[in-house]
Each structure stands twice: as structure tokens, then as C-alpha cells.
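Scroll down for the structure; my scribbles are underneath it.
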Amino acid sequence: MELLKFPNHTTYIEQLECTLQNYLIFEFQTKDNRMIYMRHPIFQSPSDEIKLVFVQAENFLTMWRNMQYPQEPHLSWGNEDEWRHDYKFHYAEKGFSFGRINPVPLAEISCKEYIKRIPIYEKRLLWFDKLIGYSEEYISECSFINGVTRTIYLLANGIKQFPVYVYGKTNAILLAKHAGITPSSFYDLTELNLELENLLKGKNLYEPLSWQEQN
């Protein structure tokens, strides 16, 4: 099945092994044609603060590189080779290796805007240029609350679009505006649940699927 705000990507609603929890499972195809999976837990009374945003990888990377005070710049400004040689990359490889039976959690992201002052110089023929003032530019940045390593794993494996969590509608709007698939590519979790209830076709979204299959 597909979500309205995450088209052309396969998703599943499944109960993970050894749990009574239903999850929304996201499936991605890597550039070497492997399938990898990420998960979002489904709760009947979800948090009002958490939003799910679907981002474009390149635009997301640009926002990460925009940080006023860089977070792990060797990774944000890195390339595939540098990502794969990060000392924690093997943890992500192991985490994603379990596949659909144990998908990886989504990363959590924070966003903000800041004003960048850009110096303006007056050209002089025989001497140094003279500083005559500053222009101001609003810059949008994002940073990780957690999930750096799993995200560089996605980037290294050619995943072009993926979901992340943010806290608060302001963050969701800002991230979707500058890095989203579209400016409206985000869900309030209650809105997401309503869509999933319709997709589940009569089954109870919040009751363990294994119980319903026995009935």
C-alpha cells in the first residue's frame, strides 16, 4: 500500500515478532537492489507534538550543512566513502541487516532559521575594498536529535526520499518547505492514523493483527 503523502513507496502495517505492537513499515530499495526497512509504531492516542515528514535526501543534506554551529561536519560535508568509513557505520549495517522482521526506527530531527550577515564591500582601484555594510539572509538548518548513523546509511545506499520525525508543527512546516517531497509532505500522527484505518480495510489498527487473524 502507499500513503497519500509518500507516493511511489511501499508501506505495510505489521505486528513485529515477539510484540503485540502494530507498526507502519517503510520499504526502500537501495542502489544495489536490496530491500531495507524502517518502522513507525502505531498508537491509538499518539503524541500531538510528533510529526512525520517525508524529505528529499539532497535537500535534507543541504539543510544539515546549513547549520550555524556544525554537527559532525565530517559527515554532513562527507561523501559515500567517508560515510562508509565512519566508525559507527557498521552498527547501521547490522541494524538494517535484519530486514522486514525487525525494521530500524526513524531518525529524530530539529529545525530552525537564523539570520546570516553577509558583508558588502565597495570596490577601490588602488587599495583594499572598503566594508560599507551588511545584507541579511534567512538560513534554514536541521540537526539530529538522534539517528545520524542510520541516515548516512540511507544516503550511502542511494535512498532518495525517506521519513523522519520532528517535534511541533513549526518544525514540520519548516522542514517540509525546504527539504520535503512537497511543502505539505508531513503528517500529524492522528491524521496518519485516520489514513491507515481506511487502508486497513475493516481491521482494527490498534489491536494486534495476530489476534484478528485468529478470529
Side-chain angles (χ1 to χ4, degrees), residues 1-30 34-57 60 91-92 94-111 144-147 149-151 153-154 157 159-176 179-215:
M1 66 184 188
E2 291 183 7
L3 298 177
L4 293 175
K5 296 182 180 181
F6 199 34
N8 306 313
H9 291 80
T10 301
T11 56
Y12 306 91
I13 299 173
E14 296 184 350
Q15 177 187 340
L16 299 189
E17 289 187 3
C18 303
T19 76
L20 296 178
Q21 176 72 54
N22 292 338
Y23 287 84
L24 176 62
I25 310 298
F26 299 95
E27 180 178 79
F28 307 96
Q29 186 172 352
T30 65
R34 292 178 297 108
M35 294 301 182
I36 59 175
Y37 299 88
M38 302 188 81
R39 71 178 189 250
H40 160 71
I42 298 169
F43 297 106
Q44 189 163 6
S45 299
S47 169
D48 292 332
E49 279 297 299
I50 299 174
K51 314 298 177 186
L52 195 61
V53 184
F54 300 101
V55 298
Q56 298 272 16
F60 178 84
Y91 293 123
K94 182 176 181 180
F96 279 101
S97 72
F98 296 107
R100 190 166 158 182
I101 64 169
N102 189 14
V104 173
L106 305 184
E108 297 177 49
I109 305 300
S110 179
C111 307
F144 286 87
I145 299 170
N146 69 55
T149 307
R150 72 197 76 152
T151 301
Y153 181 90
L154 296 176
N157 283 282
I159 306 304
K160 302 298 184 184
Q161 299 176 341
F162 52 89
V164 297
Y165 292 129
V166 297
Y167 291 88
K169 189 172 182 178
T170 300
N171 270 329
I173 291 172
L174 185 62
L175 184 59
I181 298 172
T182 73
S184 60
S185 292
F186 65 91
Y187 282 102
D188 174 274
L189 296 190
T190 299
E191 175 193 8
L192 176 61
N193 280 3
L194 290 173
E195 185 174 329
L196 295 179
E197 287 174 7
N198 291 329
L199 290 171
L200 206 51
K201 297 180 180 178
K203 291 187 177 180
N204 189 323
L205 180 64
Y206 313 105
E207 184 177 289
L209 293 177
S210 60
W211 294 1
Q212 299 177 63
E213 291 165 0
Q214 294 171 3
N215 297 329

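Residue numbers count from 1 along this sequence. Bear in mind that the values here come from a model prediction, so they are computed numbers and not experimental data.
Dense packing is recorded around OH of Y206, with more than 12 heavy atoms of other residues, nucleotides or ligands lying under 6.0 Å away.
The shortest side-chain heavy-atom distance between P105 and M38 does not fall under the 4.5 Å cut-off. Contact check for F60 versus I109: side-chain heavy atoms found under the 4.5 Å cut-off. When side chains are defined from C-beta on, L175 does not count as touching K51, because their heavy atoms never get closer than 4.5 Å. Within the 4.5 Å cutoff, no side-chain heavy atoms of F162 are placed close to those of L106. In this structure, the side chains of T190 and P46 come closer than 4.5 Å at one or more pairs of heavy atoms.
Formation of a donor-acceptor pair under 3.5 Å by the Q21 side chain with backbone atoms of I42 is found in this model. With hydrogens and angles ignored, the 3.5 Å screen pairs no side-chain donor or acceptor of E2 with any backbone N or O of F6. Put simply, the side chain of E195 never gets that close to the backbone of L3: no donor and acceptor are under 3.5 Å apart. Using a distance-only test at 3.5 Å, with no hydrogens or angles considered, no donor-acceptor pair links the side chain of Q161 to the main chain of I181. Side-chain N or O atoms of Q15 include one that pairs as donor or acceptor with a backbone N or O of L209 at under 3.5 Å. In this structure, N171 contributes its side chain and C111 its backbone to a donor-acceptor pair below 3.5 Å. Without hydrogens or angle criteria, K5 side chain to F186 main chain gives a donor-acceptor distance under 3.5 Å.
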- prompt: Going through the checks in order, is the side chain to side chain contact (heavy atoms under 4.5 Å, CB included) test met by F54 and Y187?
  reply: CA-CA 9 Å; F54 300 101; Y187 282 102; 3.5 Å; yes
message: For a side chain to side chain contact (heavy atoms under 4.5 Å, CB included) check, start with the C-alpha distance between F28 and N157, then their side-chain angles and the critical distance, and finish with the verdict.
response: CA-CA 10 Å; F28 307 96; N157 283 282; over 6 Å; no
query: For N204 and W211, what are the C-alpha separation, side-chain angles and deciding distance, and is it a side chain to side chain contact (heavy atoms under 4.5 Å, CB included)?
result: CA-CA 10 Å; N204 189 323; W211 294 1; over 6 Å; no
query: Would I13 and K203 satisfy side chain to side chain contact (heavy atoms under 4.5 Å, CB included), going step by step from the backbone distance to the final call?
result: CA-CA 11 Å; I13 299 173; K203 291 187 177 180; over 6 Å; no
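To the nearest 0.5 Å, atoms NE2 (H40) and OG1 (T11) are separated by 11.5 Å. Rounded to the nearest 0.5 angstrom, Y12 OH and M1 CE are separated by 10.0 Å. For the atom pair CD (E108) and OH (Y165), the distance works out to 8.0 Å, reported to the nearest 0.5 Å. Considering CG of L174 and NZ of K169, their distance stands at 14.0 Å, rounded to 0.5 Å. Distance CG/N193 to CG/N198: 11.0 Å, rounded to 0.5 Å. For the atom pair CG (L205) and CG (L196), the distance works out to 5.5 Å, reported to the nearest 0.5 Å.
Counting all heavy atoms, side chain and backbone alike, A107 lies closest to T151 at CB-OG1, 3.7 Å. Taking every heavy atom of both residues into account, A176 and S185 meet most closely at CB-N, 4.4 Å.
A salt bridge links R100 with E14: at least one charged nitrogen is closer than 4.0 Å to a carboxylate oxygen.
Side-chain rings of F96 and F26 stay apart, their centers remaining 6.0 Å or farther from each other.
Results of the side-chain contact (heavy atoms from CB on, under 4.5 Å) test with L154 over V104, T30, I159 single out I159 as the only residue that passes.
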